[in-house]
Amino acid sequence: PFGYQGSWTPLYEKDNFIVDDQNLYKIDATWLGSGLDEYPQPPYTITAWNGETGAVEWTYTFDESVLTVPDRGPYFAQDDSGTYLYFVSESRTLVLDKTTGAKLAVLPFAVGNQCFVAANRILTVKNDGIYRIDISTGRVIKIHSGLIGEGAARFGGRLQFVTRGGKTLY
């Protein structure tokens, strides 16, 4: 169903899904033909499939008025609470409810791959620091500056992470 150059679109050919302990979440675009110059186009659909039964749990369809989706660069993320699904594209983040697929917000900020939910806030870890996003207003504040390593986790209710300073790990 994909155009001849479909394999040149990493998002739709391999980087288009994320899983949790219950579902597979995947984004697809509309392919209008199979000719040489056929590329994916809006509308885009994010689908949640039940990991055991294969049944579709929900779908969310959107166009470029919500979020543009180039064929390279976008990615999915999720948080430690299993509450939200994040789809990041071009410095913006679409936030969906993982249970229903309802759109909650489009943030003018790209969340990192490590997200944590606390009270009415999303904490996201990026290479240059940790950011706090107010869920009700979308306001983003950098709460920690510095090089952050992969593998942040919540222990005893507190976010724990490793910072890098030169060649030393703290």
Side-chain angles (χ1 to χ4, degrees), residues 10-11 14-29 42-51 56-165 169-170:
L11 174 65
K14 62 178 182 161
D15 299 330
N16 59 2
F17 69 95
I18 195 168
V19 297
D20 62 19
D21 60 346
Q22 295 178 335
N23 293 325
L24 164 77
Y25 306 91
K26 184 178 183 310
I27 187 167
D28 285 305
Y44 310 102
T45 301
I46 296 174
T47 305
W49 279 281
N50 182 288
V56 172
E57 298 289 326
W58 53 259
T59 61
Y60 175 73
T61 301
F62 63 100
D63 61 23
E64 291 187 332
S65 68
V66 173
L67 191 69
T68 58
V69 182
D71 61 4
R72 285 170 177 75
Y75 58 91
F76 280 106
Q78 50 194 335
D79 56 66
D80 68 327
S81 71
T83 304
Y84 304 119
L85 178 67
Y86 309 90
F87 183 71
V88 181
S89 181
E90 297 187 328
S91 300
R92 297 176 69 203
T93 303
L94 171 65
V95 183
L96 301 177
D97 180 291
K98 283 180 89 174
T99 303
T100 65
K103 177 181 124 183
L104 301 175
V106 177
L107 303 172
F109 176 78
V111 300
N113 288 318
Q114 301 177 87
C115 296
F116 303 86
V117 174
N120 250 353
R121 299 177 176 145
I122 298 166
L123 301 174
T124 187
V125 179
K126 297 182 76 163
N127 288 338
D128 68 337
I130 299 174
Y131 296 80
R132 182 178 66 213
I133 305 161
D134 186 292
I135 293 171
S136 57
T137 66
R139 182 175 177 211
V140 178
I141 298 172
K142 190 174 197 177
I143 60 172
H144 178 82
S145 292
L147 296 174
I148 307 290
E150 290 289 323
R154 191 186 315 246
F155 293 104
R158 299 188 63 188
L159 183 59
Q160 306 291 318
F161 55 94
V162 175
T163 61
R164 297 180 294 200
L169 297 177
Y170 298 98

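Atoms considered below: every heavy atom in the structure, side chains included; atoms not considered: hydrogens, waters and symmetry mates.
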Chemist: Side chains of Phe62 and Ile27: closer than 4.5 Å at any heavy-atom pair?
Modeler: yes
Chemist: Has Trp58 got a side-chain atom pairing as donor or acceptor with Lys98's backbone, closer than 3.5 angstrom?
Modeler: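 A pair under 3.5 Å: yes.
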Chemist: Under the side chain to side chain contact (heavy atoms under 4.5 Å, CB included) criterion, do Ile18 and Tyr75 qualify, and how do the steps go?
Modeler: CA-CA 9 Å; Ile18 195 168; Tyr75 58 91; over 6 Å; no
Chemist: Answer yes or no: is there a side-chain heavy-atom contact under 4.5 Å between Ile133 and Thr93?
Modeler: no
Chemist: Are Tyr44 and Leu67 close enough that some pair of their side-chain heavy atoms sits under 4.5 Å apart?
Modeler: no
Chemist: With rounding to the nearest 0.5 Å, note down the distance linking CD in Gln114 to CZ in Phe161.
Modeler: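 Rounded to the nearest 0.5 Å, the CD-CZ separation comes to 11.0 Å.
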Chemist: To the nearest 0.5 Å, how far apart are CD1 in Ile135 and CD1 in Ile122?
Modeler: 4.5 Å
Chemist: Checking the side chain of Asp97 only, and the main-chain atoms of Ala102 only, is there a donor and an acceptor separated by less than 3.5 Å?
Modeler: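 Side chain of Asp97 to backbone of Ala102, a donor-acceptor pair under 3.5 Å: no, none is there.
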Chemist: Does atom CZ (Arg121) have a neighbourhood of more than 12 heavy atoms from anything else shown, all under 6.0 Å?
Modeler: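 No.
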Chemist: Can you tell if the side chain of Leu123 reaches within under 4.5 Å of the side chain of Ile143, non-hydrogen atoms only?
Modeler: yes
Chemist: Would you check, one step at a time, whether the test side chain to side chain contact (heavy atoms under 4.5 Å, CB included) holds for Tyr60 with Val66?
Modeler: CA-CA 12 Å; Tyr60 175 73; Val66 173; 4.0 Å; yes
Chemist: What is the minimum heavy-atom distance between Gln22 and Asp20, and which atoms define it?
Modeler: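 Minimum heavy-atom contact is N-OD1, 2.8 Å.
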Chemist: Looking at residues at least two apart in the chain, or sitting in another chain, which of them share a salt bridge (charged side-chain N to carboxylate O under 4.0 Å, His left out) with Asp63?
Modeler: none
Chemist: Quick check for you: to the nearest 0.5 Å, what is the distance between Glu57 atom CD and Thr100 atom OG1?
Modeler: 11.5 Å
Chemist: Is Leu159 close to Ile130 at the side-chain level, that is, under 4.5 Å between some pair of heavy atoms?
Modeler: yes
Chemist: Indicate the atoms forming the closest heavy-atom contact of Asn50 with Asn23, along with that distance.
Modeler: CA-OD1, 3.2 Å
Chemist: Restricting to non-hydrogen atoms, name the atom on Val88 and the atom on Ala110 that form the minimum distance, rounded to 0.1 Å.
Modeler: CG1-CB, 3.5 Å
Chemist: What closest approach, in Å, do Gly138 and Leu107 show between heavy atoms, and which atom pair accounts for it?
Modeler: CA-CD2, 4.0 Å
Chemist: Pro108 and Arg92: which non-hydrogen atoms are nearest, and at how many Å?
Modeler: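 Heavy-atom minimum between the residues: CA-CG, 4.4 Å.
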Chemist: Who pairs with Phe76 by ring-ring contact (aromatic ring centres under 6.0 Å, His included), at least two apart in sequence or on another chain?
Modeler: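 Phe76: ring-ring contact (aromatic ring centres under 6.0 Å, His included) contacts with Phe87.
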Chemist: What are the two closest heavy atoms between Thr68 and Pro70, and how far apart are they?
Modeler: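 Result for this residue pair: O-CD, 3.7 Å.
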Chemist: Do the side-chain N and O atoms of Thr59 and Thr47 include a donor-acceptor pair separated by under 3.5 angstrom?
Modeler: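 Thr47 and Thr59 do not have a side-chain donor-acceptor pair below 3.5 Å.
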Chemist: What's the spacing between Arg158 CZ and Phe116 CZ if we round to 0.5 Å?
Modeler: 13.5 Å
Chemist: For Ser89 and Pro74, indicate whether the former's side chain and the latter's backbone hold a donor-acceptor pair under 3.5 Å.
Modeler: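 Judged by distance alone, no pair lies under 3.5 Å.
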Chemist: Please, which pairs that meet salt bridge (charged side-chain N to carboxylate O under 4.0 Å, His left out) have at least one residue in residues 126-148, sequence neighbours excluded?
Modeler: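 Sorted result for residues 126-148: Asp128-Lys142.
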Chemist: Any side-chain heavy-atom pair from Val111 and Tyr131 closer than 4.5 angstrom?
Modeler: no
Chemist: Could you measure the distance from the OG1 atom of Thr124 to the CD1 atom of Ile148? Nearest 0.5 Å is fine.
Modeler: 11.0 Å
Chemist: Do Cys115 and Tyr86 touch side chain to side chain, with heavy atoms closer than 4.5 Å?
Modeler: yes
